[in-house]
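Would you mind keeping the following structure in view while I ask a few things?
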Amino acid sequence: MAIFMGLSALMALFGTRLAALPLSAAAIMAAREAPWGLPAGADEGLVSVAVWVPLLAAGWLLLVPVAPRRLALPVLGATAALGAGVVPNATAVLGLWVLATATAVVSSVTPGGWTPSVRRWVLGVVASDLLLVAAVVTAAVSEGFEGWPMTLGRAGSILLLGSLAVRILLTGGPGEGTSEGGLLVVRTQAAVGMLLLGVGAPELVLRLSIVIFALGMAGGGVVRSRPRSDGGQELALLGLVVATAALGWDVQGWVWGVLAGGTLTHYLRFIAGRDQAGRLAAGVAYGGGLGLPLLPAIVALMHGAVSAGDAYGALVLASLGVGLAGRARKAGTFPLRRSVGGLSLARSTAALVVALGVGVWAPVLARPEWVSLEVGAWPQAMAVGAVAMGGLLGSQVRTLIPSGEQSGEPLPQPAFGWGIRLVDRVASPAILVPALAVLAFLAAGIWGLGLVRGFL
Amino acid sequence: MPGVRGGQAGAGVLRLLRRAVETRERPSVDVRRHHTTARAARGTPLPGRGLPGLLLEPRSFAAAAPAHPSASGGAARAASDHLKIFVQPNIRSGLAVAGLAACLVGLLGADGGIAWVVVGIWTTRAACGRPVGAAWGLACLLAGFRWGTLSVADVFAATRALGPALFTGPLGLRVGMALILTGALLEDSRLGRLRERSVAERAAAVAGLVALVGLFVVPGPAAGGPEEVVWWAASSAGVVALVALAGRWVKASPSWLPFALLAAGAGLVVAGP
């Protein structure tokens, strides 16, 4: 898989969208190579991450009109982040992790240099990484390097959870035009980190993580930036699935469902508003939830929450409802990106069909036989067909909704001016560059320690 | 300008259809910006075939209103941000009817029916460009939480056997359910759902209230037994009338009140059993 990822990065560097081919091959290889020999529960999740990360990059190449070479570094970074999830020795984790972070930071720098938004974002990434370093060091001091991530313990788990909580705020990248590093690298790191947390965290930390990710799911609905909202909600949902599954809720296997739905939701955003397919994509992605590819996972988690019947169940249920309702507030206008030809329209339509297929018919997610995901309660095909037929018939009735009305509702504009000023003061190159150097030094130092001790 | 072929003369500035901008206010744009738009210089109409079906706005409009509230600053400054595209009416109509169909499917007892009712109504409201009504949706989900299922059919079976959620269980539980129902009805009433312009929105409002009555107030209908259905319909009609009439009195109530009632009710429901 890593070879195909490297090949795709090389092809992207040369500026060809054919790099999507090796990325697809990498996804297939990831599925075929599973399982990788990690503790039960982590295998399946890591396979899901390893399949859907290259597919997100492939979709980006095919659907987003940006230069392919911008994806070269993030693809390498995502590969390093995946590697950090596979290694069972903590000495190797940090090296790969910080390497991934470095690619994300470098790829996020715009032609305008270190703009304030880039500096804020880099500060967040560095802060998150420092928490991870602290988690690794804590685990190593108490239990040693071997057996990662089972050695996390309570303190290490809390530090890792803090790192992830910061990271889910950063998945959208510094801005919509520079979100590759966020969506490909930081998203992968966060997904891997959540799986590690699910394997190694004690029950208390898992319950704490439910609270934090529930807040993330609900808050993601009111974040104005669509990449940040989509990425944050996807990761919060993933964290909820991982934590609740570890606590015994009936959501086993839904890591696959979340990442599949999340990737397809990103596809919908990529094409939103661009052409006829993109307009439907916009209405689905930022509507009330019907047809949203994340919906099957949301409903599965709702089932788990009502079955749990405790305060955590109520919290998760409420956060899912608020998160879904918040998405609808981001309807409205979309940037018209570029004129489309036949091939581009075909790609948009294909992405829309796949996303809608998953959104309305969840059993599709369980189709490859090796996916250990059971879709329990889901309406019969006839009911889903009735909904689709209703949509088709309704689209012929133009007078149903007055043409003058515009979708969407103004989002509240929180005044965080003082906070941003404070962050801007800290996020200066004089602090960020030494912090990155410290991270690199620590990662290299611990990796060297592993070499000296004969761990690697 | 990417995506617009100008022909021989070229299209310097796109001309916006007069009625599309000057006779209608965009809800998210400040009034002063509308004035700016009205003063904006207009060029020739889009030559040739252009982009039929799209509402286009000239550069000066976007310059006056650079950031739609739903877009981030970065998004608003994207390379082609001077053109915005709206979800078309026929697509919105399709989504609205699909949402109503999903609501019907849920009420008829499909698996995970409460989720389908909620998502369906929210989709219809979002397609109509109205607030989705988070309190109403949360109330439906919490009704499912009270019985431990998302299936409307299972809730009906439970209420048929044990009694409606509003009148069954310990006092704290009943008070909790009453607070949740009050919060949902209050939100619907203060937003004036039943007086909306679009047929789809009014249909969604009625369907939402029918669902609330079925989940909270009446025992579930038995197969082949019309009494419960008649009781459900009569209760729904009463609640619809109540919500419609109460609108003028609760319109000025604070927007956070439904959620406060919901939170208090949810707390009692969680602590109840």
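Reckoned from all heavy atoms, side chains included, excluding hydrogens, waters and symmetry mates. Order of the sequence lines sets the chain letters (A, B, ...), proteins ahead of strands, with each chain counted from 1.
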Inset, instruction - Could you check which of A:G390, A:P379, A:G278 has the highest count of heavy-atom pairs closer than 4.5 Å to chain B? - result: A:P379
Legend entry - B:T123 OG1 to A:L292 CG distance, which is reported to the nearest 0.5 Å: 9.0 Å
Legend entry - Nearest-0.5 Å distance, CH2 of residue B:W122 to SG of residue B:C140: 9.0 Å
Legend entry - Contact class of B:L138 relative to chain A, heavy atoms under 4.5 angstrom: side chain
Legend entry - Residue pair B:F145 / B:V270, side-chain heavy-atom distance below 4.5 Å: yes
Inset, instruction - With rounding to the nearest 0.5 Å, note down the distance linking CG in A:D230 to CZ in A:F270. - result: 9.5 Å
Inset, instruction - Nearest 0.5 Å please: distance from the CG atom of B:L142 over to the CG atom of B:L179. - result: 11.5 Å
Legend entry - chain B contacts, top residue of A:L317, A:V299, A:I298 (heavy-atom pairs, under 4.5 Å): A:L317
Inset, instruction - Tell me, for A:L392 versus chain B, whether the close heavy atoms (under 4.5 Å) come from the side chain, the backbone, both or neither. - result: neither
Legend entry - Nearest-0.5 Å distance that lies between atom NE2 in A:H303 and atom CG in A:L301: 10.5 Å
Legend entry - Shortest non-hydrogen separation from B:A184 to B:A135 and the atoms involved: CB-O, 4.2 Å
Inset, instruction - Tell me, for B:A266 versus chain A, whether the close heavy atoms (under 4.5 Å) come from the side chain, the backbone, both or neither. - result: neither
Legend entry - Side chain / backbone / both / neither for B:V105 at chain A, heavy atoms under 4.5 Å: side chain
Inset, instruction - Identify which part of A:A388 has an atom lying under 4.5 Å from any heavy atom of chain B, answering side chain, backbone, both or neither. - result: neither
Inset, instruction - Tell me, for A:V384 versus chain B, whether the close heavy atoms (under 4.5 Å) come from the side chain, the backbone, both or neither. - result: side chain
Inset, instruction - Answer with side chain, backbone, both or neither: which region of B:W147 has an atom nearer than 4.5 Å to a non-hydrogen atom of chain A? - result: neither
